[in-house]
Participant: 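Please find one structure pasted underneath; my questions will follow.
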Amino acid sequence: MYNILLDKWDEIISKLKYDYDIADVSFRTWILPLSVDSVDDNIINIIYTGANAEMALQIIKNKYFVPFKVTIEEVIGQEFELNFVTTSTKTSSPQSDNVSSSNTPVKQKQEDANLNPRYNFDSFIVGSNNNMAHAVALSVAESPGKWYNPLFIYGGVGLGKTHLMQAIGNYIITNNPDLKVLYTSSESFTNELIDIMRSGKKDNTDFTSFRNKYRNVDVLMIDDIQFIIGKDRTQEEFFHTFNDLYMSEKQLIITSDKPPKDFLLLEERLRTRFDSGITVDIQSPDYETRMAILKKNAELKHYDIDDSVFQYIADNIVSNVRELEGALKKIILFANLSHQKVTLPLAQDVLKDLISPNLNIKIDCERIIEIVGEHFNISVSDLISNKKTKDIAYTRQICMYLCKQLTEETYSGIGKALHRKDHSTIMYGVKKIQEDIYDNPSTKNLIDVLTKKIDPN
Ligand code: ADP
Ligand code: MG
């Protein structure tokens with residue numbers, strides 16, 4: 001880890017300067033004289049070698065502790081404790097206990113396999129959006145190469161594909177240490193291949209080592225395969241790698257933003273291979289899963305945050321886990337930097353740009369139906385259809401209520417917007433939600449959130 005930090009140090013401090021908009025002079029004075037002195041378990045000792053060390057250290061700790069913590073975590077993908085020292089305090093820096101020797105090989109293996117230790121099954125929340133993918137992933141982790149080969153995971157951005165895939169790898173490394181695991185993004189796979197072709201050595205030694213690297217493994221994971229499909233030479237090389245491993249019953253795991261059938265340029269022979277394994281998808285998380293992910297996230301970081309803050313985020317950020325985590329991170333960071341507690345008003349303030357960026361908008365029934373539909377992940381066409389499933393019917397009644405509250409429309413006008421003939425249906429729906437608001441604080445909260453979305457000003 002020490003070497004990785006040394007390698008990445010320049011990247012860490014330039015990112016820090018950029019992300020926190022640190023002036024050149026401050027950067028030269030406080031940041032440049034810092035370097036990694038040593039790493040003890042998960043404590044990084046950062047040493048200051050400039051002038052006025054004691055005073056400088058106080059300032060650095062006060063001002064840059066959180067930025068360093070956040071940036072290091074973002075660059076390395078792992079959380080650390082930080083200990084700032086000077087040449088004179090160095091000897092008193094905390095020493096770790098003897099690192100258990102059985103840990104070291106696992107860590108080393110994770111690095112060799114390109115795996116981020118944070119992506120494991122323990123930190124992966126299972127919900128209705130991903131339970132099938134999770135179950136299959138776990139059984140692949142338990143018996144690689146046996147049941148489901150290849151495993152193809154697809155889904156939109158930020159929904160947990162990389163996390164789940166790497167969880168399989170981390171599980172295998174821990175529980176099946178004889179197996180060799182390798183994770184790669186399809187970008188690195190492509191770039192390596194391009195580099196070899198560009199170097200154009202006659203004796204093919206580079207090709208041989210490329211092939212050996214990818215074929216001498218027991219578990220190969222290729223992330224975001226969509227970047228390979230359609231690139232002829234890379235796809236060809238990938239096919240041979242794939243075939244080789246598949247024939248020798250090695251486990252292949254692939255992720256993509258769409259299912260194999262949606263790839264127009266996928267070679268038939270690859271399609272056949274993919275079809276012989278199993279394809280699972282990950283959808284957007286529902287409300288309960290969003291809440292669970294947020295809580296787990298805060299718990300892992302040892303933050304004690306009120307439920308109302310989680311509810312606010314989970315109500316408003318619906319599509320993507322990465323954004324969900326980003327919102328929480330932003331709130332915590334802001335609270336830390338401004339020495340405030342994380343409260344609902346603070347969260348609302350920090351996220352206001354994410355949640356309500358539009359000015360000058362016309363509030364009519366069409367807008368209301370669209371926003372409410374989007375919020376619940378129900379299409380407008382379902383809302384104006386005759387479908388009567390519980391979710392759709394309830395969402396439709398919310399639309400009725402909000403149209404009545406936020407526009408001048410009559411009951412029959414609202415009925416028209418929702419394609420209902422009978423205006424008494426609308427009256428009933430509005431009344432139903434009104435009663436719900438009295439009975440149930442969470443409905444009131446929901447209506448407040450939706451109102452804010454519809455009319456952010
Ligand atoms: P993808 O590869 O699909 O774009 P990632 O795997 O990179 O998405 O996930 C984005 C972020 O969301 C990561 O930090 C990941 O840990 C987190 N995440 C996604 N799904 C879950 C989940 N079910 N439980 C916990 N964290 C999740
Ligand atoms: Mg990914």
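Whatever order the structure lists them in is the order used to number ligands and atoms, beginning at 1.
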Participant: Which of the listed options, E325, Q166, E323, holds the heavy atom that is closest to atom 11 (C) of ligand 1?
Facilitator: E325
Participant: In sequence, state the C-alpha distance, the side-chain angles, and the governing distance for D223 and T255, and then conclude on side chain to side chain donor-acceptor pair (under 3.5 Å).
Facilitator: CA-CA 5 Å; D223 206 357; T255 70; 2.4 Å; yes
Participant: State which residue, out of L351, V449, L450, fulfils the side-chain contact (heavy atoms from CB on, under 4.5 Å) condition with N316.
Facilitator: V449
Participant: Could you find the nearest protein heavy atom to atom 4 (O) of ligand 1 and give me its residue, atom name and distance?
Facilitator: G158 N, 2.7 Å
Participant: Taking everything shown except D7 itself, do over 12 heavy atoms lie less than 6.0 Å from its CG?
Facilitator: yes
Participant: Taking the six-membered ring for Trp, are F27 and Y64 closer than 6.0 Å centroid to centroid?
Facilitator: no
Participant: What part of R118, side chain, backbone, both or neither, has a heavy atom within less than 4.0 angstrom of ligand 1?
Facilitator: side chain
Participant: At what distance is the nearest protein heavy atom to atom 23 (N) of ligand 1, and which residue and atom is it?
Facilitator: I125 O, 2.8 Å
Participant: With a distance cut-off below 6.0 Å to the six-membered ring centre and an angular limit of 45° from the axis, does R269 pair with F239 as a cation-pi contact?
Facilitator: yes
Participant: Among K69, K301, R118, exactly one meets salt bridge (charged side-chain N to carboxylate O under 4.0 Å, His left out) together with E79. Which residue is that?
Facilitator: K69
Participant: With nothing but distance in play, are any N or O atoms of V321 less than 3.5 Å from an N or O of ligand 1?
Facilitator: no
Participant: Passes side chain to side chain donor-acceptor pair (under 3.5 Å), N45 versus N83? Steps please.
Facilitator: CA-CA 5 Å; N45 296 305; N83 185 32; 2.9 Å; yes
Participant: Rounded at 0.5 Å granularity, tell me how far CD1 in I331 sits from CG in N336.
Facilitator: 12.0 Å
Participant: Among protein heavy atoms, which lies nearest atom 6 (O) of ligand 1, and at what distance?
Facilitator: H163 N, 2.8 Å
Participant: Atoms of ligand 1 less than 4.0 Å from G156 heavy atoms?
Facilitator: 3 (O)
Participant: Kindly compute the distance separating OG1 (T234) from CZ (F227), expressed to the nearest 0.5 Å.
Facilitator: 13.0 Å
Participant: Tell me every residue that passes ring-ring contact (aromatic ring centres under 6.0 Å, His included) with Y401, counting only those two or more places apart in sequence or in another chain.
Facilitator: none
Participant: Give the numbers and elements of all ligand 1 atoms closer than 4.0 Å to a heavy atom of V157.
Facilitator: 4 (O)
Participant: Report the nearest protein non-hydrogen atom to atom 7 (O) of ligand 1: residue, atom name, distance rounded to 0.1 Å.
Facilitator: R322 NH2, 2.9 Å
Participant: Between S123 and ligand 1, find which residue part has any heavy-atom pair under 4.0 Å and reply side chain, backbone, both or neither.
Facilitator: backbone
Participant: Check the Mg ion (ligand 2) and write out every protein N, O or S atom at under 2.8 Å, as residue and atom.
Facilitator: T162 OG1
Participant: Would you give the length of the straight line joining atom CG of L5 to atom NZ of K8, rounded to the nearest 0.5 angstrom?
Facilitator: 10.0 Å
Participant: Can an N or O of F124 be found at a distance shorter than 3.5 Å from an N or O of ligand 1?
Facilitator: no
Participant: Answer yes or no: are there more than 12 heavy-atom neighbours, outside K146 itself, under 6.0 Å from its atom NZ?
Facilitator: no
Participant: Checking a contact table here: which protein heavy atom is nearest atom 8 (O) of ligand 1, and how many Å away?
Facilitator: G160 N, 3.0 Å
Participant: Rounded to the nearest 0.5 Å, what separation is found between the NE2 atom of H339 and the CZ atom of F334?
Facilitator: 11.5 Å
Participant: Which residue and atom name correspond to the protein heavy atom nearest atom 2 (O) of ligand 1, and how close is it?
Facilitator: T162 OG1, 2.7 Å
Participant: Does the N or O separation between I293 and ligand 1 drop below 3.5 Å for any pair?
Facilitator: no
Participant: Within less than 4.0 angstrom of ligand 1, does P285 place any heavy atom?
Facilitator: no
Participant: For the pair Q340 and S338, evaluate side chain to side chain donor-acceptor pair (under 3.5 Å) and give the outcome as yes or no after the intermediate values.
Facilitator: CA-CA 6 Å; Q340 295 181 62; S338 58; 3.0 Å; yes
Participant: Check each heavy atom of N130 against ligand 1 and say whether those closer than 4.0 Å belong to the side chain, the backbone, both or neither.
Facilitator: side chain
